[in-house]
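These notes concern the structure reproduced below.
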Amino acid sequence: MPLFRHSYSNSRSHFYGEMPSGTRTTTETHVIPGSSIQQDEDKGETSSLAAFKSNYEKLPHYLKYCLDYCYVVSVGSLRNMNKGNLVRLLLAQGLIPEEPGEIMEDTAENIINELIGLEMLHEPYLFNSQIKVSEFYEKSCLLEVEEQDFVSKAADSPIHACIFLFGEDLPPNFKSLLIRSLIIEFYSIRRWQTICGLQFLLVLKLMNQVEYLPDEVGDLVHLKYLYLRSCSKMKTLPRTIANLQKLQTLHLTNYSNLFQLPVEILNIKQLRHLLFVDFYGYSAGIRVPRGIGTLANLHTCTGVYAGAGIASELSSLTQLRKLDVHEVSDDHAGELFASIIKLENLVSLSLVAEEPWQVTLLPELEPFSPPPHLQELILRGGLVEMPNWLPSVENLTILELWHSNLLEEPSSVLQYLPKLKHLRLWEAYKAKLIGKEFCDVGGFPELETLIIASENLVEWTEIVNGAFPSLRYLRFYGCRKLRFLPEGLQNISTVQELFVGVLHIKTENRKRNCISHYLE
């Protein structure tokens with residue numbers, strides 16, 4: 001890299017090639033007549049654009065490569081990316097070195113944070129970890145080429161393709177290109193033969209309805225990252241999935257409740273991230289095969305069902321850092337909690353009740369003791385009361401309570417957590433009135449984001465002077481009865497944004513649609 005790009009006649013399909021280091025820099029930009037780049041030059045570069053270009057040129061190669069690839073994958077994500085997904089994509093492209101004693105995911109996140117600090121990437125405030133590439137990148141760091149120039153350069157260059165109408169306007173030598181990343185969006189996948197013939201493919205991201213995977217997907221032996229979105233009709237994966245011995249990430253979203261992983265998945269010993277994410281976060285957990293504990297390299301395991309003996313196997317996943325379990329019930333809660341306590345590397349835990357929309361209770365949490373390094377805790381389901389051990393989780397930075405329906409105000413337990421930065425209370429508290437006792441002077445010392453959703457809330461009377469000393473973002477969703485904002489809010493000088501969303505919700509489906517954006 002840097003990148004050269006050609007956009008085919010369908011302007012939303014782009015092919016990016018990696019320029020060999022030292023062959024051309026961004027100061028030698030090739031201009032297509034009439035392009036946006038030429039228009040910018042005609043107007044003269046702004047000081048901000050010039051500064052960005054200068055800073056990009058000064059970046060060490062490893063940061064340039066990572067930033068360039070961040071831009072490529074952001075094209076298929078409307079310019080925004082989840083930080084966790086971005087980390088996994090950088091790993092799959094081989095951009096993160098594996099150093100003894102270092103965790104590659106941590107190295108990748110440190111690189112992303114370094115680019116954020118340099119203002120090459122931006123991180124919005126909400127704690128769904130969305131990352132955005134600077135608006136100046138495309139204007140200053142991307143080399144646009146015509147088709148003839150692209151074809152000549154592409155012959156020996158790694159290519160990353162973002163296609164929005166698969167099958168139309170493809171280059172004539174598409175199957176022979178060194179395509180390393182393929183992102184397809186807004187099109188029903190029919191040309192599997194073409195996809196499965198891409199022998200150098202490392203990343204395959206299918207962003208539209210995926211009804212099945214053919215057996216030939218097992219031919220993609222170099223694949224490290226497989227993402228399938230809207231696979232609600234899919235019941236399982238082909239057994240040839242076992243051929244993907246280099247696969248690091250398997251990520252399915254909006255899957256069928258009948259979906260089951262084939263036992264062959266256990267043969268992929270390099271698997272690090274196993275993610276099953278429903279758009280609403282509440283679907284039935286994926287049935288994983290017995291023996292899941294043999295995947296010793298697993299760092300992420302989300303959207304799984306821990307019944308049928310799986311709960312006890314989780315204790316063998318000693319490298320696990322993020323765990324999300326659905327349909328948690330009394331039948332296996334004891335085994336599940338006993339396993340989680342042994343996961344000393346765990347930093348993120350999510351527990352979802354069997355029917356959280358119906359306010360099904362989570363199992364009794366008092367016997368549970370979380371791992372010492374836990375930083376993120378998500379509880380979806382009814383709670384009789386706040387767990388007594390919660391104030392002792394000193395490293396907690398993110399806490400989400402969904403449909404807890406607590407009768408007791410949760411803040412009395414939460415406001416003295418020393419590192420808590422982001423708090424989401426979604427139908428967590430049934431009261432109509434929030435008083436000034438919600439936060440004492442100096443309470444929530446590090447809290448930056450507070451989100452409240454409540455169909456019952458009528459009024460928040462007062463915020464005492466000196467409360468919420470670090471609050472930056474305050475948001476209300478679905479508070480249709482809320483009449484007044486709290487007196488004293490004007491005294492919090494750190495607040496950057498106040499958002500009040502009035503949602504007139506008539507059906508359960510519309511309710512789900514309203515919050516789905518904030519769950520991804």
Side-chain angles (χ1 to χ4, degrees), residues 52 63 66-93 95 105-106 108-138 162 181 183 185 203 205 207 225 227 229-230 249 251-254 273 275-281 300 302-303 321-322 324 347-348 350 375-378 397-400 402 420-424 426 447-453 471-477 496-499 501 512-520:
F52 185 91
L63 284 182
C66 290
L67 179 61
D68 291 341
Y69 193 66
C70 287
Y71 175 80
V72 170
V73 296
S74 73
V75 172
S77 306
L78 301 178
R79 296 293 192 269
N80 286 322
M81 304 158 286
N82 176 276
K83 181 185 282 188
N85 289 338
L86 186 53
V87 164
R88 293 182 282 271
L89 283 162
L90 293 176
L91 260 64
Q93 279 298 315
L95 297 175
E105 286 80 0
D106 287 346
E109 187 166 349
N110 289 338
I111 287 174
I112 293 171
N113 290 336
E114 188 172 356
L115 289 169
I116 291 172
L118 294 169
E119 298 186 347
M120 300 286 177
L121 297 176
H122 300 292
E123 185 175 24
Y125 55 86
L126 289 179
F127 51 101
N128 52 5
S129 300
Q130 293 296 306
I131 303 296
K132 184 177 182 179
V133 179
S134 171
E135 60 182 309
F136 298 123
Y137 178 90
E138 186 167 2
C162 300
S181 306
I183 301 172
E185 191 164 0
V203 169
K205 193 171 184 179
M207 304 286 287
Y225 182 102
Y227 177 100
R229 183 174 181 176
S230 297
T249 296
H251 191 163
L252 275 63
T253 70
N254 197 23
H273 305 285
L275 300 102
F276 304 102
V277 183
D278 178 72
F279 286 159
Y280 314 118
T300 306
T302 71
R321 308 184 76 197
K322 181 172 184 176
D324 169 40
V347 295
S348 175
S350 175
Q375 299 175 17
E376 179 180 29
L377 178 63
I378 302 171
T397 59
I398 297 175
L399 177 63
E400 302 183 29
W402 295 75
L420 188 65
K421 288 187 175 183
H422 308 289
L423 175 62
R424 193 195 312 247
W426 202 283
L447 194 70
E448 298 179 3
T449 306
L450 175 60
I451 293 178
I452 296 177
L471 190 65
R472 299 169 63 191
Y473 309 103
L474 177 60
R475 290 196 158 208
F476 296 91
Y477 292 102
Q496 299 178 12
E497 179 180 296
L498 170 65
F499 176 85
R512 291 188 174 198
N513 290 337
C514 287
I515 72 168
S516 62
H517 172 74
Y518 303 100
L519 289 169
E520 288 191 336

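Please read these numbers as outputs of a predicted model, since none were measured by experiment.
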For the residue pair [X] and [Y], what are the closest heavy atoms and their distance?
X      : Y      : result
Leu275 : Thr302 : CA-OG1, 3.2 Å
Glu119 : Phe52  : O-CE1, 4.1 Å
Lys83  : Glu123 : NZ-OE2, 3.4 Å
Asp106 : Arg321 : OD1-NH1, 2.8 Å

[X] [atom1] to [Y] [atom2] distance, which is reported to the nearest 0.5 Å:
X      : Y      : atom1 : atom2 : answer
Leu450 : His422 : CG    : NE2   : 12.0 Å
Gln130 : Asn85  : CD    : CG    : 8.5 Å
Glu497 : Arg475 : CD    : CZ    : 4.5 Å
Leu121 : Cys70  : CG    : SG    : 5.0 Å
Arg472 : Gln496 : CZ    : CD    : 4.5 Å
Ser181 : Lys205 : OG    : NZ    : 10.0 Å

| task | Would you please test Arg424 and Trp402 for side chain to side chain contact (heavy atoms under 4.5 Å, CB included) and show each step? | result | CA-CA 8 Å; Arg424 193 195 312 247; Trp402 295 75; 3.2 Å; yes

Would you indicate whether the side-chain heavy atoms of [Y] and [X] approach each other to under 4.5 Å?
X      : Y      : value
Val203 : Tyr69  : yes
Ser134 : His122 : yes
Ile131 : Leu115 : no
Asp324 : Val277 : no
Tyr227 : Thr253 : yes

| Aromatic rings Phe499 and Tyr477: how do their planes relate, parallel, tilted or perpendicular, breaks at 30° and 60°? | tilted

| field | side chain to side chain contact (heavy atoms under 4.5 Å, CB included) between Ile112 and Met81, worked out | value | CA-CA 12 Å; Ile112 293 171; Met81 304 158 286; over 6 Å; no

| Do side-chain atoms of Thr249 reach the backbone of His273 as a donor and acceptor pair under 3.5 angstrom? | no

